[in-house]
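Just so it is clear: chains get the letters A, B, ... in the order the sequence lines come, proteins before strands, and each one is counted from 1. These values consider heavy atoms only, across backbone and side chains, with no hydrogens, waters or symmetry-generated copies.
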Amino acid sequence: MTGGASSGAFDVVGHYNKLIKEDASISPPVAAVGSLVKLIELQHATTMLEFTMIARSACEKLKAATSNSISLSAGCDVFLQQMSRLSHTQTVDECRRALIRAGTEFVQGAGKCRESVAEFGSPFVRDEQTILVHSYSRVIMGLLARAVKQNKRFRVYLTESRPDQSGLRAAEELRQLGVPCEVILDAAVGYIMEKVDMILVGAEGVVESGGLINKIGTYQLAIIAKAAKKPFYAVAESFKFVRLYPLSQYDLPTYRSDMLSFREKLAATVDWQAELLESNPTLDYTPPEFLTLLFTDLGVLTPSGVSDELIKFYLD
Amino acid sequence: IVLTCGRSLTVAKFLLKAAAKRKFHVIVTECAPTYAGHEQARALAASPNIDVVVIPDSAVFAIMSRVNKVILGTRAVMANGGLIAIAGTHMVAAAARHHATQVVVCAGPYKHSPWFPFNDDRFNSLVSPDAVLPYREGDLVNNVDVISPCYDYVPPELVDIFVDSMGGHLPSYLYRLLQENYGDAKDLAWNVYDS
């Protein structure tokens with residue numbers, strides 16, 4: 001029995017989509033690991049090589065289905081790394097059981113991950129502060145909710161965060177918590193920067209250099225923050241650390257050469273809004289010199305500490 | 001020509017050791033209202049190879065163009081590389097940055113703190129303002145708020161190198177030293193953060 005035949009029976013992408021739909025608060029890498037665990041439970045490889053190949057091809061399928069989502073790739077890499085770590089000493093069955101156990105623990109622990117991040121990050125939110133938040137991030141919502149529970153009084157500016165306008169969703173959630181919010185245009189960040197005490201952003205991925213991959217708009221926010229000498233904090237769980245080292249905006253795996261490439265628009269009328277939504281990037285890269293600190297479940301880190309954590313994880 | 005701020009035993013020992021083999025000038029800021037700089041000047045003047053000059057804190061920017069190196073002591077070093085040092089140090093560091101002068105901080109590993117400076121007020125204390133505005137001046141004291149903070153927070157961007165008993169380190173390397181001394185962040189009692 002070949003590996004292809006057995007993994008074809010279980011639709012890993014379908015299961016992933018199901019997990020995402022079921023739980024609104026689940027993040028892509030956690031759902032990915034959840035689907036991979038299910039795959040491992042159901043398939044019957046007899047050799048380590050077959051086992052590895054099945055897992056790898058499932059990861060490729062997931063990455064392709066989500067157009068190379070960075071955080072999902074990070075989650076898959078965590079899973080594969082765990083697998084290679086367990087594969088050296090055990091038989092296929094034992095490895096499978098250990099992997100299922102580790103994967104399930106990871107999925108269940110992901111919620112606690114967010115709580116740890118909130119615990120490390122919430123002391124930085126003080127009374128009478130004005131915070132600027134970019135886009136919607138579950139980790140940031142958790143952090144601010146914890147600060148509210150600690151009876152801290154603060155106000156939040158949220159960027160609208162086009163094109164998906166996720167800032168509006170974040171504003172509504174914060175309003176329910178009783179935090180005064182204002183939604184600002186993405187273009188109004190420079191205008192508002194003087195009134196802001198600190199900036200909080202989430203992360204799709206944290207790269208080896210300590211830089212950040214996040215929703216488009218984060219890079220220019222960071223540049224303005226540095227010019228205005230405001231602290232810029234990134235909030236990320238440790239499974240979002242990826243083994244990438246981008247040297248420019250166009251080094252990201254999500255880059256497509258047809259993005260903003262001056263294609264000929266020969267039609268009689270052009271729907272510019274649709275053009276915009278189709279050809280604009282959704283992620284950008286923020287170099288580490290713009291980050292003040294990173295709040296992770298491993299503790300508060302300086303950007304230079306990230307590569308150390310990555311080495312510890314991958315070379316153990 | 002070296003500039004230093006206030007009184008620090010570490011820096012005094014450092015400079016006296018250096019004076020064993022070479023002659024140089026040291027400018028000491030007096031650090032009002034405690035005037036600890038005067039003590040430092042007295043300690044440094046013990047060496048025949050050091051020419052000591054005491055300046056008021058307000059003259060730091062004026063004098064900085066003639067300074068080759070700034071050597072500072074500190075009360076504590078924070079986990080991000082920032083300093084909690086005697087009031088007046090931030091001004092010295094900022095003046096040095098403006099003139100592109102190197103800032104060396106001498107601090108033993110026992111001064112490294114695993115905390116991040118999340119709160120400007122938490123790491124400072126106010127001492128009696130009597131030294132700034134004496135209580136004798138009754139009318140003025142009634143109408144004026146006098147604050148005399150003990151410490152300054154110096155951001156890590158203003159420090160070039162940390163020197164301790166293990167050698168020289170960049171501020172961005174501090175996390176590593178902290179990991180070796182204190183272990184993982186998760187092992188520390190982080191609940192002390194919440195006030």
Ring pair (Phe, Tyr, Trp, His ring centres under 6.0 Å) contacts in which one or both residues fall within residues 52-103 of chain B, not counting sequence neighbours: none
For chain A, which residues from residues 8-18 of chain B lie under 4.5 Å away (heavy-atom distances)? none
Donor-acceptor pair, side chain of B/S172 and main chain of A/S304, under 3.5 angstrom: no
Tell me which one of A/L301, A/T292, A/L293 satisfies side-chain contact (heavy atoms from CB on, under 4.5 Å) with B/F116. A/L293
More than 12 heavy atoms of other residues, nucleotides or ligands under 6.0 Å from CG of B/D139: yes or no? no
Which pairs, with at least one residue in residues 223-244 of chain A and sequence neighbours excluded, count as a side chain to side chain donor-acceptor pair (under 3.5 Å)? A/E237-A/K240, A/S238-A/D297
Within 6.0 angstrom of A/E289 CD, more than 12 heavy atoms from elsewhere: yes
Under 6.0 Å from the CZ atom of B/R75, do we count more than 12 heavy atoms belonging to anything else shown? no
For A/R138, which residues count as a side-chain contact (heavy atoms from CB on, under 4.5 Å) partner, sequence neighbours excluded? A/S25, A/S27, A/R114, A/Y136
Does atom CD (A/Q176) have a neighbourhood of more than 12 heavy atoms from anything else shown, all under 6.0 Å? yes
